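Only heavy atoms go into these numbers, but all of them, side chains included; no hydrogens, no water, no symmetry mates. The shown structure was predicted, so the numbers you read here are calculated from the model rather than taken from an experiment.
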Amino acid sequence: MSSLKVRTILVSQPEPKVENSPYHDLMQKHKVKVDFRSFIHVEGISAKDVRAQKIDLNNFTAIILTSKNAVDHFFRVAEEMRYKVPEDLRYFCQSEAIAYYLQKYVVYRKRKIYVGQKDFADMSSLFKKYKDEKFLLPSSDQLNADIPQTLNNLKLDWTAGTFYKTVMSDLSDLADVYYDILAFFSPTGIKSLFKNFPDFKQNNTRIAVFGSTTQKEALEHGLRIDILAPTPDTPSMTMALEKYVAEVNKGK
């Protein structure tokens, strides 16, 4: 299978908003067509449904933010609840990118903002310094297992709230469209493929996956994985795609 030339790639994520993204370079260098389509999307949970989880925003002194979606939906729910976000609220952001995004809603220099390195566990030292806070974790309906594990190990006073959910997108318009490579970034993306196309047959389609949980989901659905990232050689999906395309399109 792997010797077949690649002309078309479908990436199961929204198109990057930056100019000259690595995908753009891939298209230019190897003359392949790359399309983008979200196989999953995020929907907000109403303030009423958040209240039904017995969550009162007044009861918390610190917010743990693990994604840009968490930022958006925390402030959306706060507005729907007519909750005035206090200036002394502490924000614990998993990465610099999330902390930077927070500026969309708060005046950065006037707020108490603490930033992790990258992984959730990296924030442990920050949490230890502020272990007496009452933490709220606004998240999706699919919470990574390492998050509650880390917070419980630190014996923090914390509450998880489902503020948004991950939903499988309708892909029925792709029924008769063929791509040489399908690229997936989450287990839910794989589930969405089979929810939309229960009779999907891989045949000559190459499957690219990012991350071990995505790999596991693909294998459980009987898919053959042709491209895997991250690896020491190819830490990103675009690098893995580039390496594969360069090999199979060589001299063809």
### Task
Check the side chains of Tyr83 and Asp56 for a donor-acceptor pair under 3.5 angstrom, ignoring hydrogens and angles.
no

### Task
Verify whether one side chain among Thr231 and Asp233 offers a donor that lies under 3.5 Å from an acceptor in the other.
no

Do any N or O atoms from the side chain of [X] and from the backbone of [Y] form a donor-acceptor pair under 3.5 angstrom?
{"X": "Asn20", "Y": "Asp25", "value": "no"}
{"X": "Arg90", "Y": "Asp88", "value": "no"}
{"X": "Lys54", "Y": "Arg51", "value": "no"}

### Message
As a test of understanding, state which of Leu151, Thr150, Asn153 forms a side-chain contact (heavy atoms from CB on, under 4.5 Å) with Ser124.
### Response
Thr150

### side-chain contact (heavy atoms from CB on, under 4.5 Å) partner of Phe184, chosen from Ile190, Ile225, Val11
Ile190

### Query
Can Ile227 and Thr234 be said to form a side-chain contact (heavy atoms from CB on, under 4.5 Å), step by step?
CA-CA 10 Å; Ile227 303 157; Thr234 56; over 6 Å; no

### Task
Start with the C-alpha distance between Asn196 and Phe39, add both sets of side-chain angles, then the distance that settles side-chain contact (heavy atoms from CB on, under 4.5 Å), and finish with yes or no.
CA-CA 9 Å; Asn196 279 278; Phe39 277 39; over 6 Å; no

Which side-chain N or O atoms in residues 60-67 pair as donor and acceptor under 3.5 Å with protein atoms at least two apart or in another chain?
| from | atom 1 | to | atom 2 | distance (Å) |
| --- | --- | --- | --- | --- |
| Thr61 | OG1 | Glu133 | OE1 | 2.6 |
| Thr61 | OG1 | Lys134 | N | 2.9 |
| Ser67 | OG | Asn69 | N | 3.4 |
| Ser67 | OG | Ala70 | N | 3.0 |
| Ser67 | OG | Tyr164 | OH | 3.1 |

### Residues Asp226 and Arg224 bridged, charged N to O under 4.0 Å
yes

### Task
In plain terms, say whether Arg37 and Asp35 are close enough for a salt bridge, that is, a side-chain N and a carboxylate O under 4.0 Å apart.
no

#### Entry: salt bridge (Lys or Arg N to Asp or Glu O under 4.0 Å) against Lys131, all qualifying residues, sequence neighbours excluded
none

Check for me, please, whether [X] and [Y] land in the same ILVMFWY cluster - side-chain distances under 4.5 Å, paths through other members count.
{"X": "Val85", "Y": "Phe163", "answer": "yes"}
{"X": "Ile9", "Y": "Met27", "answer": "yes"}
{"X": "Val115", "Y": "Ile98", "answer": "yes"}

### Message
For Glu79, is the CD atom crowded, meaning more than 12 foreign heavy atoms sit under 6.0 Å from it?
### Response
no

### Task
Would you check, one step at a time, whether the test side-chain contact (heavy atoms from CB on, under 4.5 Å) holds for Val106 with Leu89?
CA-CA 11 Å; Val106 299; Leu89 193 65; over 6 Å; no

Is any side-chain heavy atom of [X] less than 4.5 Å from a side-chain heavy atom of [Y]?
{"X": "Leu4", "Y": "Val248", "answer": "no"}
{"X": "Leu182", "Y": "Phe200", "answer": "yes"}
{"X": "Leu143", "Y": "Pro148", "answer": "yes"}
{"X": "Met237", "Y": "Tyr23", "answer": "yes"}

### Message
Does anything in residues 140-162 form a ring-ring contact (aromatic ring centres under 6.0 Å, His included)? List the pairs, not counting sequence neighbours.
### Response
none

### Ring centre gap for Phe135 and Phe92 strictly below 6.0 Å
yes

### Message
Is there a side-chain contact (heavy atoms from CB on, under 4.5 Å) between Leu10 and Val177? Walk through the geometry before answering.
### Response
CA-CA 10 Å; Leu10 179 62; Val177 184; over 6 Å; no

